[in-house]
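Below, chain A is the first sequence line, B the second, and so on; all start at residue 1.
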Amino acid sequence: CLSERRRGQLAALSIAAVVIIVGVPLWWRTTETYRAWLPVNQINELANLQLQLSADVEVVFARGTVTPEQQKKVPTQVVISLCLFCSSPLEADLSLHTLSESPCGSLVVYVIPESSTLLPEDVDVYIGQRRTALLRIGAQMRVGRTLEQLLAHLEPRIKQVLQVMSFSHTDITAALSDRVRLSPGNKESIADSMRAFKSSPGYEITFSLLNPDPKSHRVHWDIEGAVQTYIQPLLTKLAPLANFSIDSQTLYYAMLGVNPRYDSSRSAYTLNSDSLAHVINPVEARLGSNAASSNPVLNFLLYVPDAHHSPLHIHDHKKQEVLSNAFHSPRWGGIMVYNVNGFYGPEAVFPVDININMAKVMGVFLAQLRLLLGVQSSAPPPGFLVAPCSSTGLADWELDRLMWSRTVENVATATTTITSLAQLLDQIGNIVINDNIAQQVSSAVTSLQLAVAELEAGNLGFALQYSKEAILASERAFFDPSLLHLLYFPDDQKFAIYIPLFLPMCVPILLSLLKIVSEARQKRRERQAKKD
Amino acid sequence: PSLYLGSISFIIGLSSPGNPKDDFQEELVIRPLHSGDIYASFQFRTVWETDFMRGNKVSHYRLFPKSLGQVISKFSVRELHISFTQGYWRTMQWGQPFQPSPPGAELWVWFQDSVTDVDGTWKELTNVLSGIFCASLNFIDSTNTVQPSASFKPLGIGNETDHRFLRYATLPREIVCTENLTPWKKLLPCGSKAGLAVLLKSEKLFHSSFHSQAVHIRPVCQDWQCKTTSWELRQTLNVVFDLHNSAQGKREWSLFKMFSRTLTEACPLASSSKIYIDITDNPQGEQFEVSPATPLLSQAVVLGDRRTFSVYDLTQQITFGTVRSLNLLIRWKSSEGDMLRPLLHAERYVAGYGLQTGEIHTLMYNNHPYRSFPVLLLDSVPWYLRLYIHTLTVTSKGKDNKPSYIHYQPSKDRLRPHLLEMLVQLPPNSVTEVTVQFERALLKWTEYTPDPNHGFYVGSSVISSLVPSIVAMDTNSTRERPLFSSFFPCKEESSYFVRVYTEPLLVNLPTPDFSMPYNVICLTCTVVAVGYGSLYNLLTRSFQIEEPSPGLAKRIANIIRKMRGVPPL
């Protein structure tokens, strides 16, 4: 009888052991969601990232700016001969460029003697088309100072040059304004920072000719040639920054959203600046989205007013006619009104053929494109002279400036994407993390670290490349559809399903375990009593 | 004054700028049907002499819509045909349509042979098209896509007919409505602001017996030598208005009654803008009367028949008369006269009972009195109807009719549908019946649609055929012809191409009660728990033999025996 009891106890114990050793792990393994390993520590490190930008500046002293004693102390051999026959700074700039090719992101400052006639009288600093600047040395710096003093004297000027040609605090703040909340600056700078498109690996540029009145105007534009002549050189120059694709279309019967007011004093129709905001919406429905890619679209619209509403002029806040007759909308594009009523007389036979002067149109669009891409031409400090634009429409240092701010923006965007993804995955335990997502996250983190390192080392080109890769990888991970599958699987429903199985199975096991324990205690007490 | 205006427009017509590379034409055909309904077919054609396949280049669009151009060049599309149809075309009552289309959405695309990953491109393309046309084309996946080997040949130029580059899919369930019409109208150069497209008001178009809109893109020859190719975009919209419903018994029709609009101008960008009214059955005006009358008549060979049309040229100001608006009116005089029976038509139904098996019957009618002709039958059946291909029978006139060509691709569960293509010779004046049995599969619970008791749609069968023609067909594809008669290329004079779609099928599948999973879980768990409980008891309880207490009867008997003094039991 006792052995029978013993057998029952053993059976209960072994069933409990099987449930605990086999059942629980099996249940755990089969109902677990798959979560691949993520580099959480590195992501947390990214959350409080310190960016350090450094740009190489090479300072070259021309003959007559340093004394022989000072020259001895200068570690490397300096270039002494400086374009003896150059008569203008522009030529000097070009010849210096051939002298030394400076890599992307770096600067060369040539210090020239005070007596040099290269620069005009009141100009101290000349900024060339490449990555060079000419700096006139101050009068008091002629002789009798040590090299340290000379350098200390030059430092603030070189800093100024650097701010104009590479990056300044405001640029970086503007680039980060979307991602990082900083103390608000003045209204102007916020508007400036909101105007440019956000950094993206590619842009689609669409030129649209809006002809609301094809019955009267048969409008022709040589967009193909104009793009080749005016837009393509700029985009070729910007190629390291992003991919651009251009197309154009003609839209007929496309109306503006507002009715222009007739101004009898000027016998013209006017669009006020406060009504411009309503112009875009109805047109946008016709523009159509880009079917071939998901890159942001820059729209440039050329609006030819119909014969009954010509001429049409845009007025600014001060009720003055806008000379270009165009306006732009931040992060969207630009619109230009092109009046054609001057092309034909009152007795013309409709429809009239009209050829559009593309040089005039493209001048406006090119200026708008520069603004929308964030090529900022902030006014240089006094005493600075900036070289005129080259044929490409963009100086090397302007491209560098853009690359600096874009790299910072990319790094910030990728960082926020990755950290918020990590946060999300941390908060919701039900999301499946597949291997490919983990791989994307890891590669994004690696690229980010590389980009930050390259920024610190001053290798702008590599930094931009890595930051672009980081953005791509982080977006792919963030928008992966597999993250959504098991998002909603609440705990209470899980328990509702488990209870009918678990409750009836666990209760007998627990009861018999309790019984065994109490029996064992009873037996021990009896033994104690017997011993006593 | 009307004459004066007319002369002006004529001058302008001549003074078009030199050598435009794109051209736009619009056309409306109205055909009074014998049933008393009216069939209106709009055709808009944009032809552009360009090359989309020139690699990564700047693209400048004028009349051709940019969105479609980008689709062609990005996905290396050689030919694209997409149609959205609401309602079923009743061939026996209405005759053949100019552009046949099955109910729901149909998409078939030929890709360039430079495409390496055709399936991936197809998937992306359907997603983009679903965005352009606001339709659920994104539901096209491998389970409803087939590669027909013979039924869908390219309609444009090109010799490549390797069906690896062809994809065909239908969504018979797709409902077509205003949101599909608006993007379709946006593709037109004049939008719905001018020309024939002003008639396309959705509240009238969708209040009809049949509505079908389509987009066809293909490369075509520019001239008869075919030296240069151009891309043709053909947008068609076919609609059948029900006369009896909306005319209150009065047999009278006008543009205004049909579309709630009249015409005032042609699209200024169109090189030709015409309205055709089919008056073949009405040579002397005994059946119906058309006003205003037009002196212009035109004959065209269409669908194996020579038809006569009254033509209204909208580019001529004189068409609009003194009121400067054109409101065509058709007044019926008698409802007599019979229609030429269409030579080929088909129907299909599901037979059988219960939820386990069934049988698909497809009937193909050859109404030609003495000529037999071959037809290609294409059937694409979803995987959840498991076809028993050994039960396939083809019979005509009670005799076995052996198909001369069968292409069958069995389905794979959740991967691809059945594809059955057959070339069958239809004897004259006969009905050919194709039957095949199937078993209904049980789906996984997430695979059911939100309303599974409605049934599951099976797309239409497609019957393509070269039907013997009564009159000589026009084989010159580049000659100036009305648009409606130039859609299907014609290779020989003696026959013309016809495509007929059958009805889609609605099949019931065994449908579970969807609260079941939880009930099943609870029930199974309880059963498991009860079984487990007794087993557990057996294993853990210790059993002892106990002296049973005597039963009630025994006790009573013992009491009696005690009283009698007899020893107890």
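Heavy atoms from other residues, nucleotides or ligands lying under 6.0 Å from CG of A:Asn259 number 12 at most.
Within the structure, the side chain to side chain donor-acceptor pair (under 3.5 Å) test picks out the following pairs touching residues 297-306 of chain A (sequence neighbours left out): A:Asp306-A:His309.
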Name each donor-acceptor pair under 3.5 Å that joins a side chain in residues 9-17 of chain A to protein atoms two or more places apart or in another chain, with its distance.
residue: A:Gln9; atom: NE2; partner: A:Glu519; partner atom: OE1; Å: 2.4
residue: A:Ser14; atom: OG; partner: A:Leu10; partner atom: O; Å: 3.1
residue: A:Ser14; atom: OG; partner: A:Ala11; partner atom: O; Å: 2.9

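B:Leu538 touches chain A through its backbone: at least one of N, CA, C or O sits under 4.5 Å from a heavy atom, while the side chain does not. When heavy atoms are compared at a cutoff of 4.5 Å, A:Ser208 does not approach chain B at all. Only the side chain of B:Leu63 has a heavy atom closer than 4.5 Å to any heavy atom of chain A. Contact annotation for B:Leu539: both backbone and side-chain heavy atoms come within less than 4.5 Å of a heavy atom of chain A.
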Could you walk me through whether B:Arg62 and A:Gln249 pass side chain to side chain contact (heavy atoms under 4.5 Å, CB included), step by step? CA-CA 5 Å; B:Arg62 202 175 79 94; A:Gln249 60 183 345; over 6 Å; no

Would you please test B:Lys66 and A:Asp247 for side chain to side chain contact (heavy atoms under 4.5 Å, CB included) and show each step? CA-CA 8 Å; B:Lys66 182 170 77 100; A:Asp247 44 33; 3.9 Å; yes

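The stretch residues 182-191 of chain B places B:Lys186, B:Pro189, B:Cys190 near chain A, each with some heavy atom under 4.5 Å from a heavy atom of that chain.
Across all their heavy atoms, A:Lys215 and B:Glu265 have their closest contact at NZ-OE1, 2.8 Å. Between B:His60 and A:Ile223, the shortest heavy-atom contact is ND1-CG2, 3.3 Å. Minimum interatomic distance between A:Pro508 and B:Tyr532 (heavy atoms only, all atoms of both residues): CG-CE2, 4.5 Å.
To the nearest 0.5 angstrom, A:Ser245 atom OG is 10.5 Å from B:Lys74 atom NZ. Separation of atoms NZ (B:Lys193) and OH (A:Tyr252) is listed at 14.5 Å; rounding is to 0.5 Å. To the nearest 0.5 Å, atom OG of residue B:Ser67 and atom CG of residue A:Leu287 are 11.5 Å apart. Separating the CG atom in B:Leu269 from the CG atom in A:Asn211 is a distance of 8.0 Å, to the nearest 0.5 Å. Atom OG1 of residue A:Thr250 and atom CZ of residue B:Phe64 lie 14.0 Å apart, to the nearest 0.5 angstrom. To the nearest 0.5 angstrom, A:Ile499 atom CD1 is 11.0 Å from B:Cys525 atom SG.
Side-chain contact check for A:Tyr253 and B:Ser192: no donor-acceptor pair (N or O, by modelled atom type) lies under 3.5 Å.
Not counting sequence neighbours, B:Ser272 has no partner by the side chain to side chain donor-acceptor pair (under 3.5 Å) test.
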